[in-house]
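Down below is the structure, laid out as structure tokens.
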Amino acid sequence: MFGFAPSATEAPSTRRVWHLCFLAIVLSYLVFVPYFPALNNPNENSRVYQIRAVVELGKLSVNEQIRRYGPVNDLAVREGTFYAGKAPATTFIGVPIYAATRWLTDGEPTPLAVLYALRLFGVIVPCLGFLWWFRRFARTVTLDDHLATLLTIVLALGTMFLPYALIFVNHSLTAATAFGAMMAAWRAHSLALRGRRSALGFAAASGFLLSLTTALDYALFPISVLLLIYAGHKTRWLSWSAGCLVLGAALPAGATAAYHQVCWGSPVKTSLGFLANPSFAEQHSQGVFGIIGPTMDTVTAVLLSPSKGLIYFSPVFALALPLVLLAPFGPRLRAEAWLSAAIVVWMLTYNVSLINWHAGWTVGPRYVTVITPFVVFSAGLLLGRLRGRLRRGTCALFAGLSLASIAATASASVLFPHLNPAFDNPLFENIWPLWRDAITPLSAGGELAELRGRAAQLPMLVVLGASAVAVLLLGAARFGRWTARSLRTAVAVGVSGGVLWLASAPRTADTELVKRANAWIRSDVWHPPLPRR
């Protein structure tokens, strides 16, 4: 797709390191299957209802699905007809996947087969493909193969990109499409400078992806506008580039407008004006679509709170977010750095201004997942510029914070990416006790090798452990004599341990509530069901 190539050919040894690290990422995304039907996750199931309706009945309305499978949240209603209350592109993606699943199972797929097929081919595989190309682009940004690998591991396992790449929702897909639109426009510019006709295809790809971003999530329309301005700037608004951008954007935009016409009676009306849940409708009626302005409490909660804080679950962002603001002042890729800074600042401002910023049972503030590749990109841009001791020390600090990020985000995401807002510190009060007690969700090992308990955990622990070792080797132990490498590695481990120790301190004051919530999750929610005691 994107034929990025830095100034030097990659050495076979560094390529092998990357291939092993990518294998670990793939296994991290595939070993566990966090499937909990008792939760009736509305973010997934409202889409699944509509996908079933399209394939089975040729309808976008889900009334028949509600009668057959029961009520679900996150719907919208017009004149008594119910539809998914989401932007439609995830439904578009899921329809051919569900149709193929029905064909392969003679029309009777199980609910697990349906949902996992949608997750695997609708989200996981596209996100893994994106990570592959992100690393290719990161090589051009950093001019350092190992640093590019480190950045990709951090994005894949230490940010909110992970939990929303494991379930059938739009957040990680929008991160991939938005950043992909930037990569495609950058590539179109590079090829145009060399007079290559393939630049036309990349301009069209950029238009398609930036339009798809809004078709996946209405709230990201301002991001699509920023990407369009950037793409036009990179291609100098020449007639050929403008035509290709418009042509590429036409398919998602046209399909979305047609969907709106069928469901809401106008191509410019969206589900936000027809929400079926009175509470959601009330929230969206306040301010501008629920945007009421930031408060200090909201800013603190979004960034730092143990329940949903962005930096709490990705401590590496404590270093990376300031780098986002510094990156535009460097000598290279300034347009990309300015675009990234604008997207990050806008999305954080948007999230802290929402009345419903907490967004339910989530890992971190899910509405800002789109910023994750832009933050990691900007961090890589700065780290690639550093030299000498400053580079070695900063990379060691980055590695230590990345290690803590993987420990927090990955441990929650692969096991139970639906953190209960009843916990003030769900990582230490809910997730790590599940690991301690050898409780696992459905897993490849459990299904294929009939592994149970600690044995079922072991493959994932090995994969995440190997990824953690790779982070240390690539970030802290790359340069200098073995004594200096050992010291930097020890510092990175110490930073990680210190961050996690500090993170463990806040706890829910009502200990009985924690006990009841944990007992309920284990007895009524967990799948496969745990033995009754």
Side-chain angles (χ1 to χ4, degrees), residues 23-45 47-48 51-52 69 72 94 97-98 100-102 104-105 108-128 156-157 162-169 172 361-363 409-420 426-427 430-465 467 517-533:
L23 176 62
I25 291 171
V26 170
L27 291 175
S28 299
Y29 280 54
L30 296 179
V31 170
F32 280 0
V33 181
Y35 172 69
F36 306 99
L39 290 179
N40 193 26
N41 183 357
N43 214 356
E44 290 186 302
N45 286 338
R47 294 174 165 103
V48 174
I51 290 165
R52 283 183 181 273
Y69 298 106
V72 69
I97 297 170
Y98 179 54
T101 304
R102 276 174 56 85
L104 291 171
T105 57
E108 292 298 332
T110 65
L112 172 59
V114 171
L115 188 57
Y116 189 66
L118 292 171
R119 288 179 176 183
L120 180 62
F121 297 108
V123 182
I124 295 174
V125 170
C127 285
L128 289 172
L157 301 179
L162 173 59
Y164 304 107
L166 298 180
I167 56 180
F168 188 61
V169 295
S172 294
W361 291 42
T362 68
V363 179
T409 298
S411 66
S413 302
V414 301
L415 193 68
F416 188 60
H418 311 288
L419 300 186
N420 189 337
L427 181 64
N430 175 217
I431 298 300
W432 284 21
L434 291 170
W435 285 101
R436 179 198 63 206
D437 296 338
I439 296 173
T440 59
L442 289 173
S443 68
E447 295 302 303
L448 299 176
E450 297 186 355
L451 301 177
R452 298 292 182 267
R454 194 72 65 194
Q457 283 186 348
L458 189 59
M460 182 62 79
L461 291 172
V462 169
V463 168
L464 294 179
S467 301
N518 273 320
W520 174 71
I521 288 171
R522 296 185 184 204
S523 63
D524 295 348
V525 171
W526 204 260
H527 189 82
L530 300 175
R532 296 285 182 177
R533 294 184 178 179

Rounded distance (nearest 0.5 Å) linking atom CZ of Arg52 with atom CG of Asn45: 9.0 Å
Side chain to side chain contact (heavy atoms under 4.5 Å, CB included) assessment of Thr362 paired with Tyr164: CA-CA 9 Å; Thr362 68; Tyr164 304 107; 3.1 Å; yes
Taking the side chain as every heavy atom from C-beta outward, state whether Leu464 and Ser28 have any atom pair closer than 4.5 Å. yes
Please test Ser467 against Ile25 for side chain to side chain contact (heavy atoms under 4.5 Å, CB included), starting from the C-alpha separation and ending with a verdict. CA-CA 8 Å; Ser467 301; Ile25 291 171; 5.6 Å; no
Sequence neighbours left out, what passes side chain to side chain donor-acceptor pair (under 3.5 Å) with Asn43? Give chain and number order. Arg47, Lys86
Taking Arg454 for the side chain and Arg436 for the main chain, is one N or O donor matched with an acceptor at less than 3.5 Å? yes
Check the pair Val31, Val414 against side chain to side chain contact (heavy atoms under 4.5 Å, CB included), reporting the backbone distance first and the verdict last. CA-CA 9 Å; Val31 170; Val414 301; over 6 Å; no
For Leu427 and Ala412, work out which heavy atoms get closest and say how close. CD1-CB, 4.5 Å
Heavy atoms only: give me the nearest Pro417-Val363 pair and the separation to one decimal. CA-CG2, 3.8 Å
Met460 to Trp435 - nearest heavy-atom pair and separation: CG-CH2, 4.0 Å
Output for pair (Tyr116 OH, Ile124 CD1), nearest 0.5 Å, gives 5.0 Å
When you measure from the side chain of Glu44 to the backbone N and O of Ile167, does any donor-acceptor pair fall under 3.5 Å? no
Around atom OH of Tyr35, are there more than 12 heavy atoms from other residues, nucleotides or ligands closer than 6.0 Å? yes
Heavy-atom side-chain proximity of Arg119 to Pro34 below 4.5 angstrom: yes
Show the nearest heavy-atom pair for residues Leu166 and Tyr29, with the distance to one decimal. CD2-O, 3.6 Å
Please confirm whether the backbone N or O of Val48 pairs with a side-chain atom of Tyr98, one donor and one acceptor, at under 3.5 Å? no
Ignoring hydrogens, what is the shortest heavy-atom contact between Leu120 and Pro126? Give both atom names and the distance. O-CD, 4.1 Å
Pick from Ile97, Asn41, Ile51: which one makes a side chain to side chain contact (heavy atoms under 4.5 Å, CB included) with Phe168? Ile51
To the nearest 0.5 Å, what is the distance between NE2 on His527 and CZ on Phe416? 13.0 Å
Any chance you could measure Gln457, atom CD, to Leu451, atom CG, to the nearest 0.5 Å? 11.5 Å
Taking the side chain as C-beta and beyond, is there a heavy-atom pair between Leu415 and Pro441 under 4.5 Å? yes
Would you compute the distance between atom CZ of Arg522 and atom CD1 of Ile439 and round it to the nearest 0.5 angstrom? 3.5 Å
In Å and rounded to the nearest 0.5 Å, what is the CG to CH2 distance from Asp524 to Trp526? 13.5 Å
Does any part of the side chain of Val525, heavy atoms only, come nearer than 4.5 Å to the side chain of Leu39, both counted from C-beta? yes
Holding to side chain to side chain donor-acceptor pair (under 3.5 Å), I want the full list of residues that pass it with Asn518, two or more places apart in sequence or in another chain. Asn430
Taking every heavy atom of Trp432 against every heavy atom of Ser411, the minimum-distance pair comes out as NE1-OG, 3.0 Å
Let's go through Leu419 and Ile431 carefully: what are the C-alpha distance in whole Å and the side-chain angles of both, what is the deciding distance for side chain to side chain contact (heavy atoms under 4.5 Å, CB included) to 0.1 Å, and is it a yes or a no? CA-CA 8 Å; Leu419 300 186; Ile431 298 300; 3.6 Å; yes
Mind checking side chain to side chain donor-acceptor pair (under 3.5 Å) for Thr101 and listing every partner two or more places apart, or none if nothing turns up? none
